[in-house]
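Below is one structure, written out as structure tokens; comments come after it.
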Amino acid sequence: MPESVYIRPITLADSPQSVGGDALRLGGGLIWANRFALIVRRDGRVVSRAALGMREMPAAIAALPAPLAAEAGAQWQDLARVHAPLVCGARTLRLDQPLVMGILNVTPDSFSDGGQFLDSPEVAFDHASAMLAAGAALIDVGGESTRPGAAAVWEGDEQRRVVPIIARLAAAGAALSIDSRRAGVIAAALDAGAHLVNDVSALRHDPRSAALVAQRSVPVVLMHAPGDGADLHADGAYRDVVLDVFDTLRAWRDAALAAGIARERIMIDPGIGFGKSLAENLALINALPLFHALGQPILFGASRKRMIGALSGEVAAHRRMPGSVAGALAAVAAGAHIVRVHDVPETVQALHVWRGLRDAALTDFSQIAE
Ligand code: PMM
């Protein structure tokens with residue numbers, strides 16, 4: 001493996017003013033970084049790591065060998081990339097402040113909400129409407145459980161689960177994403193009114209999906225799961241989980257670009273809980289600011305997942321709301337653009353408080369008295 005380079009923001013600043021302007025705005029959001037680790041890997045091993053201030057970075061990047069300097073220069077630009085809004089039909093979702101995506105699993109067996117909505121279209125519609133009323137910017141509709149060991153679902157069954165509720169919610173004006181890794185389901189969901197594709201296999205499970213997303217010109221979420229995208233929980237064998245997931249997402253982003261998907265329509269997601277141990281999930285969350293260096297909006301989902309249970313005494317999935325809110329806040333504090341959650345009102349309230357604190361920090365520039 002040749003050498004590779006990474007720029008990981010390691011210190012966040014309250015505001016640019018608080019550090020005399022010596023800070024970079026990450027991903028066009030509300031987060032500013034003022035120290036960075038410049039990391040070089042050779043054959044999978046980290047061979048150098050320097051901690052540098054913002055003003056020291058351009059010279060350090062220029063001093064790298066040529067191919068690394070070009071890649072590091074691109075990452076330096078991409079860390080500060082301001083993302084275009086997502087166009088979802090009549091709705092435009094701005095990415096300059098964190099958004100909440102509400103989860104609607106129309107499955108018999110999802111780990112935390114399976115069976116609640118499959119046979120009750122009214123209950124499903126009411127639940128989605130309540131999430132929207134509580135402040136969800138969009139609803140993610142899924143018809144396949146991705147929990148470990150879940151039974152495979154036929155494409156036709158998956159389609160029958162998601163299409164009616166998508167059609168009904170689209171008619172009511174909701175922004176909607178389809179959580180599927182099958183092109184037939186994605187096409188039917190888009191026809192029914194979905195606006196965005198959320199593929200936990202990053203368009204790898206079904207060879208038809210990338211061309212479909214390109215042709216429909218819709219935004220897509222590329223989520224990381226190890227393996228070939230068939231077994232989403234196949235054990236990842238990572239040298240360094242953070243840098244490996246970064247490299248993999250970059251390769252899949254580039255494959256999506258090669259398939260004709262426009263750069264501004266691609267979002268990335270580290271895939272918390274998919275083929276990762278507790279320690280690996282925690283490392284990814286702590287390193288989330290690095291992922292801005294890919295130059296794509298970041299989506300994050302840890303809601304009610306096993307890691308929340310593992311850190312809190314294995315409480316049952318439906319009792320993991322407080323821990324899930326803590327996880328969403330950690331992601332947003334690292335600049336995640338969208339958090340995918342089950343507990344929308346609780347998460348929205350927490351984000352309002354976080355936003356108030358951020359706004360106060362960004363406008364607090366105590367001046368030296370004249
Ligand atoms: N997690 C699940 C399903 N879909 N999509 C994205 N983009 N990111 C995730 O983390 C993710 C996902 C599994 O959780 P669920 O069964 O509660 O939906």
Side-chain angles (χ1 to χ4, degrees), residues 86 99-118 124 127-128 131 136-151 153 158 161-162 176-182 185-186 189 194 196-205 209 213 218-226 229 231-233 236 245 249 252-253 256 266-276 280-281 284-285 288 291 296-309 316-321 323-324 327-328 330-331 336-344 347:
L86 300 176
L99 300 177
V100 170
M101 168 190 262
I103 302 170
L104 185 69
N105 284 319
V106 197
T107 63
D109 56 349
S110 285
F111 72 95
S112 80
D113 52 1
Q116 280 184 47
F117 307 120
L118 184 58
H127 181 60
M131 289 195 284
L138 75 169
I139 304 292
D140 188 39
V141 181
E144 178 196 31
S145 169
T146 52
R147 78 187 162 92
V153 57
E158 189 183 342
R161 291 175 185 175
V162 296
L176 299 165
S177 79
I178 171 66
D179 184 348
S180 178
R181 48 189 176 140
R182 295 185 178 81
V185 177
I186 293 171
L196 189 150
V197 175
N198 175 25
D199 187 338
V200 294
S201 83
L203 304 174
R204 296 171 308 130
H205 180 67
S209 296
V213 168
V218 285
V220 62
V221 179
L222 305 179
M223 194 200 80
H224 179 273
D231 177 2
L232 297 162
H233 298 277
V245 170
L249 283 174
W252 294 345
R253 187 273 316 270
I266 300 173
M267 278 172 282
I268 48 125
D269 179 340
I272 298 303
F274 287 86
K276 291 151 191 119
E280 287 161 349
N281 288 319
L284 281 167
I285 297 173
L288 209 55
F291 289 85
Q296 312 295 148
I298 298 171
L299 189 142
F300 176 90
S303 183
R304 299 191 188 174
K305 285 188 178 169
R306 198 155 47 182
M307 65 159 277
I308 308 289
H318 69 279
R319 296 186 54 222
R320 294 178 187 165
M321 180 276 287
S324 302
H337 298 87
I338 303 181
V339 284
R340 180 182 179 277
V341 307
H342 299 85
D343 301 291
V344 170
T347 310

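Order of appearance sets the numbers: ligands from 1, and atoms from 1 within every ligand.
- Contact analysis puts Lys305 in contact with ligand 1, with a non-hydrogen atom separation below 4.0 angstrom.
- Put simply, CG on Leu99 and CD1 on Ile338 are 5.5 Å apart, with the number rounded to the nearest 0.5 Å.
- Of the inter-residue distances, the one linking His318 atom NE2 with Asp343 atom CG reads 11.0 Å to the nearest 0.5 angstrom.
- Here the closest non-hydrogen pair linking His224 and Trp252 is CA-CZ3, 3.8 Å.
- For ligand 1, the atoms sitting less than 4.0 Å from at least one non-hydrogen atom of His342 are 17 (O), numbered in the order shown with element in parentheses.
- Within the 4.0 Å heavy-atom shell around ligand 1 one does not find Phe300.
- Heavy-atom contacts of Gly301 reach the following atoms of ligand 1: 10 (O) (cutoff under 4.0 Å).
- The distance criterion of under 3.5 Å between nitrogen or oxygen atoms is not met by Ser303 with respect to ligand 1.
- Put simply, CG on Asp269 and CG on Leu249 are 8.0 Å apart, with the number rounded to the nearest 0.5 Å.
- The heavy atom nearest to atom 5 (N) of ligand 1, considering only Asn198, Asn105, Thr146, is found in Asn198.
- Atoms of ligand 1 lying under 4.0 Å from at least one heavy atom of Val200, given by number and element, are 4 (N), 5 (N), 12 (C).
- Partners of His337 under the ring pair (Phe, Tyr, Trp, His ring centres under 6.0 Å) rule, at least two apart in sequence or in another chain, are His83, His292.
- Close approach to Asp179 involves these atoms of ligand 1, each under 4.0 Å from a residue heavy atom: 3 (C), 4 (N), 12 (C).
- Checked against side-chain contact (heavy atoms from CB on, under 4.5 Å), Ile308 has the following partners two or more places apart in sequence or in another chain: Ser312, Arg320, Ser324.
- Taking a cut-off of under 4.0 Å to the non-hydrogen atoms of Leu299, the atoms of ligand 1 that pass are 7 (N).
- Each of Ile139, Asp140, Val341 was evaluated against Met131; a single residue qualifies, Ile139, per the side-chain contact (heavy atoms from CB on, under 4.5 Å) test.
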